[in-house]
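All heavy atoms count here, side chains included; hydrogens, waters and symmetry mates do not. Per chain, numbering begins at 1; letters A, B, ... match sequence-line order. If you're wondering where the values come from, they're calculated on a predicted model, not measured in any experiment.
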Amino acid sequence: MKDGVFGLVDCNNFFVSCERVFRPDLRDKPVVVLSNNDGCVIARSNESKALGIRMGEPFFKVRDVVARHGVAVFSSNFSLYGDMSRRVMSLLSAYTPRLDIYSVDEAVLDLTGMGDAEFLRGYGRDIVRKIGKGVGIPVSLGVAGTKTLAKMASKYAKRYPAYEGVCLIDTEEKREKALRRFAVGDVWGIGRRMQKVLEYHGVRTAWDFVCRSEGWVRHEFSVAGVRTWRELQGESCIALDDLPYKKSICMSRSFPGHGLSEWHVLEEAVAYFASECARKLREQGTCCGQVTVFAYTSRFRTDVPGNMIQQQVRMPVPTQDTAEIVHAALEALRLHAHDGGFDYKKSGVIVWDLSPREAVQTDLFDKMDRGKRGALIRAVDEINRKNGHNVVKVAALGAEQEYASERQYASRRYTTNLDEVLVVKV
DNA sequence: TCTGGGGTCCTAGGACCC
DNA sequence: TCTGGGGTCCTAGGACCC
């Protein structure tokens, strides 16, 4: 199965790189980006990594290091990152007939049949240069016959500047050399649990791993492990995935401080999460058959009793209607109204069991006029698109966001909000 | 004091049926 | 007192990814 060629593009330290585009003075300086509520470190520049700041570390634990080394700190600014991501993906799509957007900062290009290694290296460097100049984001490109090997190659491209951003694993010799020098825990598809078991068995590098028998891998790690094992052998098992829509959509937040203790505020938050889910459903053209609401108290608090609410409801007819989904989510939450009186630290809504809008089975006893409701919702979406997020919304959301996040280090939404664009002094 | 958010896939085990 | 067995479907939870 040596026929496919995958090019995996990974944006380097993506969130940090986005902030640096508008703060060129921070190039070469240590920078971190924080999660919601300024809780955890979720992105680090190379300089911050070198200071020993770990991914996912609670911010309060690194305050000292941050102060001592003058690390620049940003609250996460997802409007900015989302917009930068769209720009990167749009440039990439010009280089391939098939682009598989894997996440906000990562995509796989189908490079099958485009040319030999020499051509691909030049083509790849062109891609890296184009994105660097066009969007200002540094990226790394790995090219190989499987996605897992391409991911590995992209990490080599990132690690060694001599590659000029592009690394190819295109021969048996290169594959073996790459595997021998690669820690098994860094392989795509091998997480903490698998790593622990592997190390217990003396498997330290990716090469050690592929030297084990398929039977052993199947026994220890089941089909997922075998898939990774085969991918490392060069046998492609993870195809390009062009699923037209997501299979579930989740909207959730944790709340600052001790969380929410007032039931009506939790209801407003859930209504907001539900309306956001509905908006995302319409964005990708799907309807949901089921809605799940959850809320739980902090798992780090031992001084007060904790609680967890999880409630699922089935929609009579798959829907993308804000009012219907908000209503269903609130009904579900209210089944647990006797669980008031706790400090809820995190809550969210998941919509799932999704189907394309065109395929929705209508219910014979459905009383709603879906044609009219659809027109109303489209009108509201259009108003909000022109006038700003949630200018028009359902009443259940409340007027104030009493559950708003803590964002002490926010940068501006330079590219998506006119009030916040950079002003150049002449 | 302060601990993210949004996904996918796989599996085990329960419910249910014959 | 005896108390099947196999198949399918569904769901919750875990592992993994960024």
* Asked: Can you check the M194(A) CE to dC10(B) P distance for me, whole Å?
  -> 13 Å

* **Among D105(A), I137(A), V32(A), N46(A), the one residue meeting side chain to side chain contact (heavy atoms under 4.5 Å, CB included) with N13(A)** => N46(A)

* Length of the CG-C1' vector between D100(A) and dC18(C), whole Å -> 13 Å

* To do: Heavy atoms under 4.0 Å is the rule here; annotate nucleotides 2-7 of chain B 5' to 3' with B where the base is hit, S where only the sugar-phosphate is, and - elsewhere.
  => BBBSSS

* Assign I190(A) to base, sugar-phosphate, or nothing according to its heavy-atom contacts below 4.0 angstrom with the strands shown. => sugar-phosphate

* Is there a donor-acceptor pair under 3.5 Å between the side chain of S347(A) and the backbone N or O of F294(A)? -> yes

* Taking atom types as modelled, is there a side-chain donor on D110(A) or T96(A) under 3.5 Å from an acceptor on the other? -> no

* **Qualifying residue, where the test is salt bridge (charged side-chain N to carboxylate O under 4.0 Å, His left out) with E47(A) and the options are R20(A), R27(A), K29(A)** => R20(A)

* Send over the distance from W352(A) CH2 to dC9(B) P, rounded to a whole Å. => 15 Å

* **Atom-to-atom span, CZ of R314(A) to C1' of dC9(C) - whole angstrom** => 12 Å

* Asked: Taking atom types as modelled and ignoring hydrogens, do the side chains of N12(A) and S140(A) form a donor-acceptor contact shorter than 3.5 angstrom?
  -> yes

* If you measure from the P atom in dT3(B) to the same atom in dC17(C), how many Å do you get, rounded? -> 25 Å

Report, one pair per line, the protein and nucleotides 11-16 of chain B atoms (nitrogen or oxygen only) whose separation is under 3.5 Å.
unit_1	atom_1	unit_2	atom_2	d
dT11(B)	OP1	S222(A)	OG	2.2

* Those residues that, when tested against V197(A), pass side chain to side chain contact (heavy atoms under 4.5 Å, CB included) (two or more places apart) -> R193(A), H201(A), E220(A), F221(A)

* Atom-pair distance (CE on M152(A); C1' on dC17(C)), nearest Å -> 16 Å

* **Residue pair S411(A) / N77(A), side-chain donor-acceptor N/O under 3.5 Å** => yes

* To do: Using a cut-off of strictly less than 4.0 Å between a heavy atom of the residue and any atom of DNA chain C, enumerate the qualifying residues of residues 203-210 of chain A by number.
  => none

* Asked: Taking only side-chain nitrogens and oxygens of R227(A), does any of them come within less than 4.0 Å of OP1 or OP2 of dC9(B)?
  -> no

* To do: Output, in order, the C-alpha distance, side-chain angles, deciding distance and verdict of side-chain hydrogen bond (donor to acceptor under 3.5 Å, both in side chains) for D83(A) and T416(A).
  => CA-CA 7 Å; D83(A) 188 60; T416(A) 55; over 6 Å; no

* Send over the distance from Q195(A) CD to dC17(C) C1', rounded to a whole Å. => 15 Å

* Quick one: salt bridge (charged side-chain N to carboxylate O under 4.0 Å, His left out) partners of D343(A), sequence neighbours excluded? -> R301(A)

* Verify the contact: side-chain N or O of K151(A) to OP1 or OP2 of dC18(C), cut-off strictly under 4.0 Å; return yes or no. => yes

* To do: Please state how far atom CD in E220(A) lies from atom C1' in dC10(B), giving the value in whole angstrom units.
  => 17 Å

* Asked: How close or far is atom C1' of dC10(C) from atom CG of D353(A), stated in whole angstroms?
  -> 12 Å

* To do: Check DNA chain B for consecutive Watson-Crick or G-U pairs with both distances under 3.5 Å and list the runs of at least three as stems.
  => B:5-18 with C:5-18

* Asked: V291(A) pairs by side chain to side chain contact (heavy atoms under 4.5 Å, CB included) with which of I350(A), D353(A), V351(A), T319(A)?
  -> V351(A)

* To do: Could you tell me whether D208(A) and R212(A) make a salt bridge, using a distance below 4.0 angstrom between a side-chain N and a carboxylate O?
  => no

* Asked: With sugar-phosphate meaning primed atoms plus P, OP1 and OP2, does V41(A) contact a base, only sugar-phosphate, or nothing at under 4.0 Å between heavy atoms?
  -> nothing

* Asked: Judged by atom type as modelled, is there a donor-acceptor pair below 3.5 Å linking the side chain of K147(A) to the main-chain atoms of A239(A)?
  -> yes

* Going through the checks in order, is the side-chain hydrogen bond (donor to acceptor under 3.5 Å, both in side chains) test met by Y81(A) and E19(A)? -> CA-CA 9 Å; Y81(A) 312 150; E19(A) 298 290 351; 2.6 Å; yes

* Residues T112(A) and R98(A): side-chain donor-acceptor under 3.5 angstrom -> no

* Would you mind classifying the nucleic acid contact of Q312(A) as base, sugar-phosphate or nothing, using non-hydrogen atoms under 4.0 angstrom? => sugar-phosphate

